[in-house]
Number of protein chains: 2
Amino acid sequence: MKNLPDKTVERLCQYRRSLNNQLATGKTHIFSHEIANLLHITSVQVRRDIMLIGHSGTLRKGYDIKEMVKLIGKIIDTKEGQRIAVIGMGNIGKAFIHYLYEKRSKLKVVASFDVNPDKIDKTYADVYCYHFGRLKEIIQKEDIKIGIITTPPMVAPEVCENLVTAGIKGILNFTPKPLSVPDDVYLEEYDMITSLEKVAFFVKHNE
Amino acid sequence: MKNLPDKTVERLCQYRRSLNNQLATGKTHIFSHEIANLLHITSVQVRRDIMLIGHSGTLRKGYDIKEMVKLIGKIIDTKEGQRIAVIGMGNIGKAFIHYLYEKRSKLKVVASFDVNPDKIDKTYADVYCYHFGRLKEIIQKEDIKIGIITTPPMVAPEVCENLVTAGIKGILNFTPKPLSVPDDVYLEEYDMITSLEKVAFFVKHNE
DNA sequence: TTTTGCTTGTTAATTAATTCACAGCTATAA
DNA sequence: TTATAGCTGTGAATTAATTAACAAGCAAAA
Ligand SMILES: NC(=O)c1ccc[n+]([C@@H]2O[C@H](COP(=O)([O-])OP(=O)(O)OC[C@H]3O[C@@H](n4cnc5c(N)ncnc54)[C@H](O)[C@@H]3O)[C@@H](O)[C@H]2O)c1
Ligand SMILES: NC(=O)c1ccc[n+]([C@@H]2O[C@H](COP(=O)([O-])OP(=O)(O)OC[C@H]3O[C@@H](n4cnc5c(N)ncnc54)[C@H](O)[C@@H]3O)[C@@H](O)[C@H]2O)c1
């Protein structure tokens with residue numbers, strides 16, 4: 001299960017969310033083409049992904065939604081849940097903490113960091129904000145493995161380096177500054193402005 | 001130039017940002033492998049993308065940074081700049097407006113919408129917030145072609161439909177709810193939680 | 001029971017994206 | 001002037017991702 005393609009992992013996360021929505025409506029089974037319609041992809045793609053994770057549906061009944069959610073959880077979540085830190089308690093940092101707090105997923109933000117005295121030593125959605133200087137200490141004490149960078153772009157490289165030194169194994173970078181990490185750290189760059197520019201490009205060229 | 005691959009467009013946006021950073025340091029020319037290092041891709045990829053947009057570098061001197069920025073601008077931006085609306089003035093909506101305001105890019109948010117009386121008729125970073133009921137009227141009056149949805153997920157489909165009816169041609173969706181649009185509307189789904197779950201997956205499987 | 005129609009699971013084919021490999025040019029050093 | 005090394009630009013090859021095509025199975029209708 002280690003070598004699922006990146007793209008498949010991404011879709012599995014989306015399947016799970018959609019499946020949870022479906023569960024809430026009382027459905028118990030779902031066909032591949034229904035999942036496909038929800039996500040605007042093809043049903044073959046869905047079946048292939050499901051094949052890759054070694055799941056089977058029932059012929060003419062489709063897939064058991066609860067089972068699939070459980071299985072995807074087994075693939076993506078860890079048993080104990082993963083512990084996360086947010087660095088930079090600005091707009092996006094706060095938005096994220098509140099969002100995850102409400103969702104009560106397996107992903108738990110357990111610490112946040114900032115340099116602004118107005119933010120430090122306060123609590124946001126049950127998450128305590130420490131001074132950035134205590135990053136390493138807290139990350140190791142709290143056994144945090146994932147960091148979300150939502151600082152101003154300029155300091156992102158420094159923050160990143162500190163995270164790596166502290167033993168973080170996965171980083172989600174919201175700043176537009178591309179970062180560098182060693183091979184054993186997974187880095188995902190998430191650039192909102194590029195997304196918007198992409199939309200702008202396609203709007204321009206469809207005129 | 002219409003048929004650039006999606007991925008290339010995405011990278012062009014990133015090249016431009018990195019190139020602008022380089023300009024700020026006083027550099028005038030840059031090699032393909034330097035750009036590649038900045039973005040953690042290969043130099044062939046960079047050269048191929050540049051080839052696709054019909055640009056040429058100078059041998060042993062690299063690419064003229066200013067020229068490339070200008071050319072990418074020509075491809076991605078429109079002359080007059082594109083006019084954007086944000087729907088849902090919560091955390092993310094506000095963050096976005098402030099960000100674009102500071103950047104002074106060609107992408108201009110010219111209106112925002114909400115249903116909460118506390119938000120309506122106020123101005124955020126020079127952007128006026130209208131009641132959602134006036135969506136169509138304002139979008140047409142202001143000639144807005146791009147919409148950013150940052151409402152709660154539940155209302156996203158309704159918001160989307162309204163945007164399409166009002167004549168929007170590109171939508172950037174920040175809610176985790178997958179949307180449907182006609183063929184002539186470009187839709188980009190931007191799902192932060194999926195990104196985080198992906199990081200979590202790879203951290204789990206690298207242990 | 002037999003047929004029909006629908007849906008899964010999978011191999012094969014196709015298409016898209018990336019990388020290899022190298023020819024060609026040019027500034028610099030010998 | 002004549003190597004030499006460094007970089008660009010690109011066709012060909014490779015790899016990754018998606019789609020087509022269809023066998024196999026089952027439920028419901030006839
Ligand atoms: N906050 C995060 O980190 C995060 C992460 C992932 C996804 N999201 C998603 O992004 C979206 C926005 O997040 P947020 O934190 O900014 O939410 P938020 O609750 O702060 O803001 C939502 C805003 O939308 C407004 N609104 C509600 N109904 C509306 C309607 N019909 N028309 C116009 N406006 C309406 C609300 O009044 C509010 O101001 C949500 O869908 C959320 O699920 C957020
Ligand atoms: N707001 C957007 O819509 C948007 C869009 C695209 C990208 N981004 C990027 O996302 C990032 C966050 O955006 P935002 O709007 O939340 O910014 P923000 O300015 O609201 O928040 C940044 C926070 O980081 C803190 N900080 C500064 N230096 C720090 C350090 N060394 N260690 C820890 N914390 C530090 C600041 O005190 C502040 O609280 C920025 O890099 C921004 O460029 C934002």
Side-chain angles (χ1 to χ4, degrees), chain A residues 1-15 18-19 22 27-68 71-72 178 188-189 194 198 201-202 205, chain B residues 1-15 18-19 22 27-68 71-72 178 188-189 194 198 201-202 205:
Chain A
M1 203 61 52
K2 232 185 172 75
N3 0 18
L4 289 176
D6 212 89
K7 290 280 184 69
T8 294
V9 172
E10 211 169 302
R11 282 191 297 264
L12 286 174
C13 296
Q14 291 165 359
Y15 297 160
S18 290
L19 291 173
Q22 293 301 305
K27 264 184 106 132
T28 64
H29 289 76
I30 193 166
F31 296 128
S32 61
H33 69 260
E34 292 179 295
I35 301 180
N37 287 341
L38 288 171
L39 302 188
H40 314 308
I41 57 179
T42 67
S43 62
V44 197
Q45 183 95 84
V46 173
R47 292 202 299 278
R48 177 160 297 277
D49 286 335
I50 292 175
M51 192 184 95
L52 286 175
I53 63 175
H55 186 66
S56 285
T58 311
L59 223 79
R60 302 209 27 120
K61 249 185 116 180
Y63 302 90
D64 182 305
I65 301 182
K66 251 192 201 149
E67 250 178 57
M68 267 198 69
L71 177 57
I72 296 178
E188 173 92 7
E189 313 264 3
T194 293
K198 244 170 91 181
F201 172 84
F202 285 103
H205 290 271
Chain B
M1 203 61 52
K2 234 186 172 75
N3 2 17
L4 290 176
D6 211 89
K7 291 279 183 71
T8 295
V9 173
E10 210 169 302
R11 283 191 295 265
L12 286 174
C13 297
Q14 291 164 359
Y15 297 160
S18 290
L19 291 173
Q22 294 301 306
K27 263 183 108 133
T28 64
H29 289 75
I30 193 166
F31 297 127
S32 62
H33 68 262
E34 292 179 296
I35 301 180
N37 287 341
L38 289 171
L39 303 189
H40 314 307
I41 57 179
T42 66
S43 62
V44 197
Q45 183 94 83
V46 173
R47 291 203 299 279
R48 184 159 297 278
D49 286 335
I50 292 175
M51 191 183 97
L52 287 175
I53 63 175
H55 186 66
S56 285
T58 311
L59 252 163
R60 299 205 32 116
K61 247 184 117 180
Y63 302 90
D64 183 305
I65 301 182
K66 251 191 200 150
E67 252 178 54
M68 267 199 68
L71 178 57
I72 296 177
E188 173 93 5
E189 313 263 3
T194 293
K198 244 169 90 180
F201 171 84
F202 285 104
H205 290 271

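Here is the naming used below: chain letters follow the sequence lines, and residue numbers restart at 1 for every chain.
Atom CZ of A/Arg11 is separated from atom P of D/dA16 by 15 Å (rounded to the nearest Å). The distance between atom NE2 of A/His29 and atom P of D/dA27, rounded to the nearest whole Å, is 12 Å. Atom P of nucleotide C/dA16 and atom CG of B/Asp49 are separated by 16 Å, given to the nearest angstrom. In this entry the distance linking CG of B/Leu12 with C1' of C/dA17 reads 15 Å, nearest Å. The interatomic distance linking B/Lys7 (NZ) with C/dA16 (C1') rounds to 9 Å, in whole Å. The CG-C1' distance, from A/Asp64 to C/dT8, rounds to 15 Å in whole Å. Rounded to whole Å, atom P of D/dA16 lies 14 Å from atom CG of A/Leu52. Rounding to whole angstrom units, CD of residue B/Glu10 and C1' of C/dA16 are separated by 15 Å.
Taking every heavy atom of both residues into account, B/Tyr15 and B/Ile72 meet most closely at CB-CD1, 4.0 Å.
Aromatic ring orientation, A/His205 versus A/Phe201: tilted (interplanar angle from 30° to 60°).
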Donor-acceptor list for residues 52-64 of chain A side chains, cut-off 3.5 Å, not counting sequence neighbours:
residue, atom, partner, partner atom, Å
A/Asp64, OD1, A/Lys66, N, 3.1
A/Asp64, OD1, A/Glu67, N, 3.0

Distance-only criterion, 3.5 Å: show the donor-acceptor pairs between side-chain atoms of residues 38-45 of chain B and protein atoms not counting sequence neighbours.
residue, atom, partner, partner atom, Å
B/His40, NE2, A/Leu179, O, 2.1
B/Thr42, OG1, B/Gln45, N, 3.2
B/Ser43, OG, B/Arg47, NH1, 3.4

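Residues A/Glu189 and B/Gln14 form no side-chain contact, since every pair of their non-hydrogen atoms from C-beta on lies 4.5 Å or further apart. For the pair A/Lys27 and A/Glu34, the minimum side-chain heavy-atom distance is below 4.5 Å.
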Collect all protein-nucleotide pairs involving nucleotides 2-4 of chain D in which both atoms are nitrogen or oxygen and the distance is under 3.5 Å.
none

Report, one pair per line, the protein and nucleotides 27-30 of chain C atoms (nitrogen or oxygen only) whose separation is under 3.5 Å.
none

With side-chain contact (heavy atoms from CB on, under 4.5 Å) as the test, would you mind laying out the steps for A/Ile35 and A/Gln22 before giving the verdict? CA-CA 10 Å; A/Ile35 301 180; A/Gln22 293 301 305; over 6 Å; no
Decide yes or no on side-chain contact (heavy atoms from CB on, under 4.5 Å) for B/Asp49 and B/Leu4, but give the supporting numbers first. CA-CA 9 Å; B/Asp49 286 335; B/Leu4 290 176; over 6 Å; no
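Near DNA chain D, meaning a heavy atom under 4.0 Å away, the residues from residues 31-42 of chain A are A/Thr42.
Applying the side-chain hydrogen bond (donor to acceptor under 3.5 Å, both in side chains) test to A/Glu10 and every residue at least two apart in sequence or in another chain returns B/Lys198.
Among C/dT8, D/dA17, C/dT19, the nucleotide with an atom closest to any side-chain atom of B/Val44 is C/dT19. Of the candidates C/dG9, C/dT18, D/dG9, the closest approach to any side-chain atom of B/Met51 belongs to D/dG9.
The side chain of A/Arg47 places no N or O atom within less than 4.0 Å of a non-bridging phosphate oxygen (OP1 or OP2) of D/dA20. For the pair B/Gln45 and C/dT19, the criterion of a side-chain N or O lying under 4.0 Å from OP1 or OP2 is met.
At a cut-off of 3.5 angstrom, the base of D/dT10 holds no donor-acceptor pair with the side chain of B/Arg48.
Within 4.0 Å (heavy atoms only), A/Ser56 reaches sugar-phosphate atoms of the nucleic acid but no base atom.
Atom OG of residue A/Ser18 and atom CE of residue A/Met68 lie 10.5 Å apart, to the nearest 0.5 angstrom.
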